[in-house]
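To keep things clear, I will list the structure first and then write my remarks on it.
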Amino acid sequence: MAITPGVPDRKAGTTPPGEGRGFELALLDRGAAVLQQHAPLKGFDVYVVGFHCVKGEPDLQMEAHHYCKVVNGEMLQCVLFDGNTADANLIGIEYIVSERLFASLPEDEQPSWHPHNHEVFSGELVAPGLPVAVETELMGHLVNSYGKTWHTWHSTPMGPHPAEPLPTGDPMLMWSFNREGEVDSALQQDRNRVMGTDPEPRKASRARYLDRAHPQRGVRTMRDAFTGTTPTPGVVDAEDGQP
């Protein structure tokens, strides 16, 4: 049964090793639920699902479930999981800022932030459970925005790489896809099939925002790492003017 009505389950990528929960831990949980406050976690209720790859490593791709909090009109903070069920693994974080806030960042900081226009106009980024019209309005606020994403755990298989049973190694800076055909087709088709997230009606609906789209920095960062790709309408690199 789905955790959220109308949203299909996406199971966690791996189950971490470890012994069962002890009686003392169960009591601690019960006491924490009654006696402690969880204010910082309130408001992480904007749910979107997209795809990331490791910056500079096009074969390291995975599906990411974002639970985001609207900080204000120009910033969101997101915690990332590998699924949407109660046993989903926490795999990273993402900060999302407006074009204006991105422009205020130091020049040497900006290369850590990926552009979002392809995710919006390709239909790859989805908000499961929302009617397309409502989802489209949400995506309109992400046009020209940027994200900074760190993954701490690759808990699902990625190309030739098996799932890691525990979060090992250094956090990895993730990147966005910026042309059609960059996301692994099997990965994308599986998400769309299970979750009912056909990109075609989303592309058509979101096209109303194409006149808002500005060239973005970072579109060309991994352009040469993929082959057989095609441009996405509304997605242009700010430095060379190319899609």
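Since we're looking at a predicted model, the values are computed, not measured. One-based numbering along the sequence shown.
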Give a yes or no on whether [X] and [Y] share a hydrophobic cluster (residues Ile, Leu, Val, Met, Phe, Trp, Tyr; joining criterion: side-chain heavy atoms under 4.5 Å apart).
| X | Y | result |
| --- | --- | --- |
| L210 | M139 | yes |
| W175 | F177 | yes |
| V48 | V143 | yes |
| V46 | L130 | yes |
| V219 | F226 | no |

Would you check if the side chain of [X] reaches a backbone N or O of [Y] as a donor-acceptor pair within less than 3.5 Å?
| X | Y | result |
| --- | --- | --- |
| K148 | I93 | no |
| T232 | V235 | no |
| R179 | P243 | yes |
| S205 | P201 | no |

Distance check, rounded to the nearest 0.5 Å: [X] atom [atom1] versus [Y] atom [atom2]?
| X | Y | atom1 | atom2 | answer |
| --- | --- | --- | --- | --- |
| H154 | Q61 | NE2 | CD | 11.5 Å |
| N178 | S122 | CG | OG | 9.5 Å |
| Y95 | W150 | OH | CH2 | 11.5 Å |
| S145 | M75 | OG | CE | 12.0 Å |
| E200 | N192 | CD | CG | 9.5 Å |
| L76 | L142 | CG | CG | 7.0 Å |

With sequence neighbours left out, what residues match D198 under salt bridge (charged side-chain N to carboxylate O under 4.0 Å, His left out)? none
Test side chain to side chain donor-acceptor pair (under 3.5 Å) on Q216 and H214; report intermediate values, then the result. CA-CA 6 Å; Q216 291 195 284; H214 298 159; over 6 Å; no
Residue pair [X] / [Y], side-chain heavy-atom distance below 4.5 Å:
| X | Y | answer |
| --- | --- | --- |
| N84 | M195 | yes |
| P58 | E182 | no |
| P128 | Y47 | yes |

Take Q242 and R223, measure what side chain to side chain contact (heavy atoms under 4.5 Å, CB included) needs, and give me the verdict at the end. CA-CA 10 Å; Q242 299 298 313; R223 182 190 298 157; 3.7 Å; yes
Shortest non-hydrogen separation from [X] to [Y] and the atoms involved:
| X | Y | answer |
| --- | --- | --- |
| N117 | N144 | OD1-N, 2.6 Å |
| E124 | H118 | OE2-NE2, 2.9 Å |
| P115 | G218 | CG-C, 3.9 Å |
| F121 | A213 | CE1-CB, 3.8 Å |
| E63 | F51 | CA-CD2, 3.9 Å |
| S112 | L173 | O-CD1, 3.6 Å |

Running the 4.5 Å side-chain criterion over Ile, Leu, Val, Met, Phe, Trp and Tyr, what cluster does V54 land in, apart from itself? L60, M62, L80, I91, W153, M158, M172, M174
Ring centre gap for F44 and Y67 strictly below 6.0 Å: no
Is the H66-H52 ring centre distance short of 6.0 angstrom? yes
Parallel, tilted or perpendicular for H116 and H114, by the 30°/60° rule? perpendicular
Test of understanding: with side-chain hydrogen bond (donor to acceptor under 3.5 Å, both in side chains), list the residues that count as partners of T221, not counting sequence neighbours. none
The side chain to side chain contact (heavy atoms under 4.5 Å, CB included) partner of T197 among V49, L125, V126 is V126
With side chain to side chain contact (heavy atoms under 4.5 Å, CB included) as the test, would you mind laying out the steps for W113 and L105 before giving the verdict? CA-CA 10 Å; W113 295 74; L105 294 169; 3.5 Å; yes
So does [X] pair up with [Y], basic N to acidic O under 4.0 Å?
| X | Y | answer |
| --- | --- | --- |
| E99 | R217 | no |
| E135 | R206 | yes |
| R208 | E137 | no |

Please say whether more than 12 non-hydrogen atoms of neighbouring residues, nucleotides or ligands are located less than 6.0 Å from CG in N72. yes
Give a yes or no on this: more than 12 heavy atoms of other residues, nucleotides or ligands lie within 6.0 Å of atom CD of E74. yes
Just by distance, no angles: are the side chains of S155 and D82 close enough, under 3.5 Å, to form a donor-acceptor pair? yes
Just do the salt bridge (Lys or Arg N to Asp or Glu O under 4.0 Å) check on R220 and E239 with the steps written out, would you? CA-CA 9 Å; R220 69 177 185 180; E239 296 182 32; 2.8 Å; yes
